[in-house]
S.K.: 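Below is a structure I'd like to ask you about.
Since we're looking at a predicted model, the values are computed, not measured. All residue numbers in this chain count up from 1 along the given sequence. Just the heavy atoms: all of them, side chains too, but no hydrogens, waters or symmetry mates, feed the values below.
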Amino acid sequence: MKTVRLTSFSHGAGCACKLGSAELTQILEPLLDHPAATHPDLVVGTATSDDAGVLLLPGSSGQALVQTVDFFTPIVDDAYDWGRVAAANALSDIYAMGAVPITALQLLGWPRESLPFQLAGRVISGGADIMAKAGCVIVGGHSIDDAEPTYGFAVTGLVQIEDVVTNAGARVGDVLLLTKPLGSGVVTTALKSGGCPAAVAAQAVEVMSSLNDVAGRSLRPAGASAATDVTGFGLLGHLTEMLNASHVGAAIDVGSVPLMDGVADLYAAGFYSGGSRRNLEAARPRLEGNLDAAPLLADAQTSGGLLVALPAHRVEQYSAAVPGAVVIGRCTGDVGRIALT
């Protein structure tokens, strides 16, 4: 096959293509109190903007079904790597709820006249390898002819109801930890523009394709109050969802927030996606303090780490289980506000 720059077929990069939070609020309004979105056994639905839906299985002695879906346009030029990242990204929603993934359905949009089907096979191979690593079985899927290539998964997991972790349980005084460095939005924007050093791109691919399985399995044993994964809305956007659902505020030590190597230089060179700019504008009204640090905290991530809130006395336990976890702040009583220090 001839060399193809997959990112040239995409109008955006990965999760930066997501519709904005304000746009989603408008779109999802018809589901408010709709019979199709309410049920006595629905534990987590759309109301709290959580990572996945949770439904208690009738007659299951407390077992719950956890479901999510995630797909996006090419985020890197290598087809195999795109598949790996897409799979890890979709699985992350399951891990963020403290659940174990069991099955997955593929979603593929492919421009049959523009790209060879062998290349689609490489995408699927990458996704399958990550799903196998996660112990998740691909049971089927669906494909369409589309002008812009897209790929992702609908994933189903299982969890005991008492072990579910949501984004709505954070408490004042909880410590906030992040399990992966930020910067994938800046890196992939630079990559799409042809301005990203190879070593920086390679590091970003490894970060994005790494699973949040250990970070997810460690939530309940460490007594996590709340968790969410950091993806298209950036750290600030997903933190906001946690704060709104939990009715708390946050203070973030911006100097402690980890960044991928080379990200600061790429941002200084002007690489910043439209999705990240939308994230920044959405977060701005609730920010105070060091606003110069806000853009990178709003960077639209793809397959980012988990943002975890847990009691201060359990931080050491969680950090020992998840070596990449970094303390970045704490929850405050200033409801809905984010202080950048």
Side-chain angles (χ1 to χ4, degrees), residues 21 24-25 27-70 89-105 134-137 139 152-172 174 176 179 211-233 237-248 305-311 314 318 331 335-336:
S21 55
L24 277 180
T25 299
I27 290 170
L28 294 176
E29 187 175 355
L31 286 183
L32 294 176
D33 300 321
H34 194 287
T38 58
H39 191 277
D41 294 325
L42 183 63
V43 180
V44 179
T46 61
T48 55
S49 303
D50 219 321
D51 296 293
V54 181
L55 184 77
L56 182 65
L57 291 172
S60 65
S61 301
Q63 194 171 54
L65 197 69
V66 182
Q67 291 186 295
T68 186
V69 60
D70 214 315
N89 182 72
L91 289 163
S92 187
D93 286 337
I94 301 295
Y95 295 133
M97 308 299 291
V100 176
I102 55 169
T103 62
L105 293 165
C136 188
V137 182
V139 297
F153 291 88
V155 186
T156 297
L158 291 174
V159 67
Q160 286 300 122
I161 197 64
E162 64 271 16
D163 292 332
V164 172
V165 180
T166 73
N167 67 357
R171 298 183 289 256
V172 174
D174 278 349
L176 294 168
T179 66
L211 294 174
N212 282 318
D213 53 348
V214 175
R217 285 199 304 268
S218 303
L219 292 172
R220 185 53 64 194
S225 306
T228 188
D229 70 334
V230 179
T231 53
F233 295 154
H238 292 287
L239 173 60
T240 293
E241 291 178 336
M242 180 184 287
L243 301 183
N244 289 343
S246 302
H247 306 292
V248 296
L306 299 191
L307 174 64
V308 182
L310 75 169
R314 305 299 289 272
Y318 188 80
C331 294
V335 178

S.K.: Using modelled atom types and a 3.5 Å cut-off, is there a donor and acceptor pairing between side-chain atoms of T166 and backbone atoms of A168?
M.R.: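 Yes; judged by distance alone, with no hydrogens or angles, the pair exists.
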S.K.: To the nearest 0.5 Å, how far apart are CG in L219 and CG in L310?
M.R.: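 Here the rounded value is 9.0 Å.
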S.K.: Supply the atom-to-atom distance L55 CG to Q67 CD, rounded to the nearest 0.5 angstrom.
M.R.: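 Between L55 CG and Q67 CD, I get 8.0 Å after rounding to 0.5 Å.
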S.K.: Say whether, by atom type as modelled, one donor and one acceptor occur between the side chain of H238 and the main chain of T231 under 3.5 angstrom.
M.R.: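 A pair under 3.5 Å: yes.
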S.K.: Would you name the heavy atoms of A309 and M242 that are closest together and state the gap between them?
M.R.: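 Taking A309 first and M242 second, the nearest heavy atoms are CB-SD, 4.2 Å.
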S.K.: CD1/I161 to CG/D41 distance, rounded to the nearest 0.5 angstrom?
M.R.: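 Going from the CD1 atom of I161 to the CG atom of D41 covers 9.5 Å.
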S.K.: For residues G223 and P311, report the shortest heavy-atom separation together with the two atoms involved.
M.R.: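 Where G223 meets P311 most closely, the heavy atoms are O-CD, 3.4 Å.
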S.K.: So which heavy atom on L91 is nearest to which on A134, and how close?
M.R.: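 In this case the closest contact between L91 and A134 is CD1-CB, 3.6 Å.
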S.K.: Can you name the side-chain contact (heavy atoms from CB on, under 4.5 Å) partners of A104, sequence neighbours left out?
M.R.: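 Partners of A104 under the side-chain contact (heavy atoms from CB on, under 4.5 Å) test: M131, C136, F153, V155.
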S.K.: What pairs meet the side chain to side chain donor-acceptor pair (under 3.5 Å) rule with one or both residues in residues 212-230, with sequence neighbours excluded?
M.R.: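 Every pair satisfying side chain to side chain donor-acceptor pair (under 3.5 Å) with a residue in residues 212-230: D51-T228, S92-N212, S92-D229, R171-S225, D174-S225.
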S.K.: How far does CG of L239 sit from OG of S246, to the nearest 0.5 angstrom?
M.R.: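 It comes to 9.5 Å.
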S.K.: Please report the shortest heavy-atom distance between A99 and V66, naming the atom on each side.
M.R.: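 Where A99 meets V66 most closely, the heavy atoms are CB-CG2, 3.8 Å.
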S.K.: What's the spacing between M97 CE and L158 CG if we round to 0.5 Å?
M.R.: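 M97 CE to L158 CG: 13.5 Å, rounded to 0.5 Å.
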S.K.: Going from CD1 on I94 to CG on D70, what distance comes out if it is rounded to the nearest 0.5 angstrom?
M.R.: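 The distance works out to 10.5 Å.
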S.K.: Which atom pair, heavy atoms only, marks the closest approach of L306 to G216?
M.R.: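 Result for this residue pair: CD1-N, 3.8 Å.
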S.K.: Considering non-hydrogen atoms only, spot the tightest contact between L176 and C331 and give its length.
M.R.: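 For L176 versus C331, the nearest heavy atoms are CD2-SG, 3.9 Å.
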S.K.: Determine yes or no for a side-chain-to-main-chain donor-acceptor pair under 3.5 angstrom, with Y318 supplying the side chain and A215 the backbone.
M.R.: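 Here the side-chain-to-backbone pair exists.
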S.K.: Check whether any side-chain heavy atom of V139 sits under 4.5 Å from a side-chain heavy atom of L105, and report yes or no.
M.R.: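 Yes - at least one pair of side-chain heavy atoms lies under 4.5 Å apart.
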